[in-house]
Structure formats: structure tokens, C-alpha cells
S.K.: 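My structure is below; once you've seen it, I'll send some questions.
Note that the structure is a prediction, hence the values are computed from the model and not measured.
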Amino acid sequence: MVREAGAEDLEELLRLYLHLHEKSVPEQSERLSDTWKQIVEDENHHLIVNEVEGKIASSCVCVIIPNLTKHVRPYAFVENVVTHADFRGKGLASECLEYAKQIAEQQNCYKMMLLTGSREKAVLDFYKRAGYNSEDKTAFIQWLDEKDG
């Protein structure tokens, strides 16, 4: 079942992110609690989850960004696409991305963007099948200081 995450989903999401790029689950802290509260209360921040047998097996984030160009139409940015290793290849992430697309369409977005750090052909083909292309734009990233604080 695909749905938006609720306040009760934090712990399970943090464990799922270990299948993305995280090395550990963050310790409970005021910073974590405040960030989670900000995410779940932000009407433009959609944390999408896909449950299998009551457990979160896949997820993505879709953020709607207000915009002054393109007839003042917003755009969507998709990030943190992840599926638990035990559930890959079952279409769960595709369902999350489709849900994100529905949100973007409902919000009258003119485009969706997604970045991946993967160079694996299977991953890139997955995003192409989901409707994304890598020909229209060039992405640049500037990493900022990653220390905690």
C-alpha cells in the first residue's frame, strides 16, 4: 500500500535508509525530532512509503518547489528513492515514484527532477522506465561541509 508517511513512521524509515546510503540510524535527539516534525508538517514535503505486510519496504521523497517561471508553476524534486534489499525487483519503488508523479500533477508542476549517484545500468534503466531522462539537463552538485552540527 502506497501512502504518505505519518509521524509514527520515523523509526521504520530510519532503518530503511540503511539500504540507501546511511551507515547507522541517527540517535534520538531534539534535532532529529524537530526535523521530522518539520517534514511531516510541511505541505510541500511528501515522504512517500510503500508497505508490504504492514512494514515499510520502499520510499521516496517528493518536494514541491514554488516557482516564478513557467507561468508561475511549481516543479517537483524527487530524492531518497530506496527499497529494502529483501523487496527489490517487485515494483515497489516504481509505485512510490508513480505516487510522487500524481502529487506533482495535482500540484500543477511543470516538471519533476531526480538525481542519482548510481552509475549502475540497472538503476539508470529503472529511472528511464519511470519516465525520467538524462538528456535534457546537466546536474552539478556542490558538496558542503558534511560534519554534524
Side-chain angles (χ1 to χ4, degrees), residues 1-7 9-10 12-26 31-52 56-149:
M1 172 181 78
V2 181
R3 62 175 175 81
E4 291 204 43
D9 293 317
L10 177 59
E12 213 172 336
L13 275 166
L14 293 175
R15 285 191 303 274
L16 178 63
Y17 286 158
L18 294 173
H19 296 267
L20 183 62
H21 48 62
E22 296 300 300
K23 292 177 179 33
S24 65
V25 173
R31 181 175 168 202
L32 176 62
S33 296
D34 289 348
T35 300
W36 181 239
K37 183 176 187 288
Q38 182 180 357
I39 289 170
V40 295
E41 291 179 357
D42 183 346
E43 66 182 25
N44 287 321
H45 199 131
H46 303 271
L47 208 158
I48 299 159
V49 297
N50 199 340
E51 287 183 330
V52 175
I56 296 174
S58 189
S59 180
C60 74
V61 172
C62 177
V63 179
I64 307 300
I65 302 168
N67 180 41
L68 295 173
T69 66
K70 299 292 186 179
H71 305 285
V72 195
R73 291 177 64 193
Y75 58 93
F77 187 79
V78 175
E79 184 65 54
N80 294 340
V81 180
V82 60
T83 300
H84 188 290
D86 294 345
F87 295 96
R88 291 184 181 152
K90 300 179 185 310
L92 301 175
S94 295
E95 291 174 359
C96 288
L97 291 176
E98 181 58 33
Y99 195 95
K101 183 178 178 183
Q102 291 171 12
I103 291 169
E105 289 172 339
Q106 290 166 359
Q107 296 297 315
N108 196 32
C109 291
Y110 77 95
K111 72 178 177 182
M112 296 181 75
M113 295 186 298
L114 178 149
L115 298 174
T116 180
S118 178
R119 302 275 188 242
E120 293 180 35
K121 183 178 181 339
V123 172
L124 302 178
D125 289 346
F126 164 73
Y127 289 126
K128 288 177 185 175
R129 285 192 308 276
Y132 294 86
N133 76 70
S134 58
E135 289 79 41
D136 291 347
K137 298 266 184 174
T138 301
F140 290 89
I141 297 175
Q142 182 180 70
W143 296 105
L144 303 177
D145 187 6
E146 291 191 32
K147 71 178 177 190
D148 288 339

S.K.: Keeping the roles fixed (side chain from H45, backbone from I39), state whether a donor-acceptor pair exists under 3.5 Å.
M.R.: no

S.K.: Main chain of R31, side chain of D34: is a donor-acceptor contact present, judged purely on distance under 3.5 Å?
M.R.: no

S.K.: More than 12 non-hydrogen atoms from neighbouring residues, nucleotides or ligands closer than 6.0 Å to CD on Q142, yes or no?
M.R.: no

S.K.: Could you list the residues that satisfy ring-ring contact (aromatic ring centres under 6.0 Å, His included) with F87, not counting sequence neighbours?
M.R.: H84

S.K.: On a heavy-atom basis, which atom in S59 and which in L13 lie closest, and how many Å separate them?
M.R.: OG-CD2, 3.7 Å

S.K.: Assess whether side-chain contact (heavy atoms from CB on, under 4.5 Å) is satisfied between D9 and R3, documenting all intermediate values.
M.R.: CA-CA 11 Å; D9 293 317; R3 62 175 175 81; 2.7 Å; yes

S.K.: Show the nearest heavy-atom pair for residues N108 and R73, with the distance to one decimal.
M.R.: O-NE, 3.0 Å

S.K.: Out of curiosity, I64 CD1 to F77 CZ, how far, rounded to the nearest 0.5 Å?
M.R.: 12.0 Å

S.K.: Testing the basics here: between E120 and S118, what is the closest heavy-atom pair and its distance to 0.1 Å?
M.R.: N-OG, 3.1 Å

S.K.: Assess whether atom NE2 of H21 is packed by more than 12 heavy atoms of other residues, nucleotides or ligands within 6.0 Å.
M.R.: yes

S.K.: Got a second to check how far L20's CG is from E79's CD, nearest 0.5 Å?
M.R.: 8.0 Å

S.K.: With no hydrogens and no angle check, is any side-chain donor or acceptor of R88 less than 3.5 Å from a backbone partner on T83?
M.R.: yes

S.K.: Is it the case that over 12 heavy atoms from other parts of the model lie below 6.0 angstrom from the CG atom of L68?
M.R.: no

S.K.: Do the side chain of H46 and the main chain of E43 share a donor and acceptor less than 3.5 angstrom apart?
M.R.: yes

S.K.: Let me confirm one number: the NZ-CG distance from K37 to D42, rounded to the nearest 0.5 Å.
M.R.: 11.5 Å

S.K.: How close do C60 and V81 get, heavy atom to heavy atom, and via which atoms?
M.R.: CB-CG2, 3.8 Å

S.K.: Could you tell me which non-hydrogen atom of A93 sits nearest to which non-hydrogen atom of F126, and how far apart they are?
M.R.: CB-CZ, 3.7 Å

S.K.: Is a side-chain donor or acceptor of N44 paired with a backbone partner of V63 at a separation under 3.5 angstrom?
M.R.: no

S.K.: How long is the straight-line distance from CG of N80 back to SG of C96, given to the nearest 0.5 Å?
M.R.: 12.0 Å

S.K.: Please find the pair of heavy atoms, one from A5 and one from V49, that lie closest to each other, and give the distance.
M.R.: CB-CG1, 4.0 Å

S.K.: Given side-chain contact (heavy atoms from CB on, under 4.5 Å), test Y110 with N67 step by step and report yes or no.
M.R.: CA-CA 10 Å; Y110 77 95; N67 180 41; 3.4 Å; yes

S.K.: Count the heavy atoms of every other residue, nucleotide or ligand shown that sit under 6.0 Å from NZ of K111, and state whether that count exceeds 12.
M.R.: yes

S.K.: Hey, what do you get for CG (L14) to OG (S24), rounding to the nearest 0.5 Å?
M.R.: 10.0 Å

S.K.: Nearest 0.5 Å, please: how far is CD in E4 from CG in L47?
M.R.: 8.5 Å

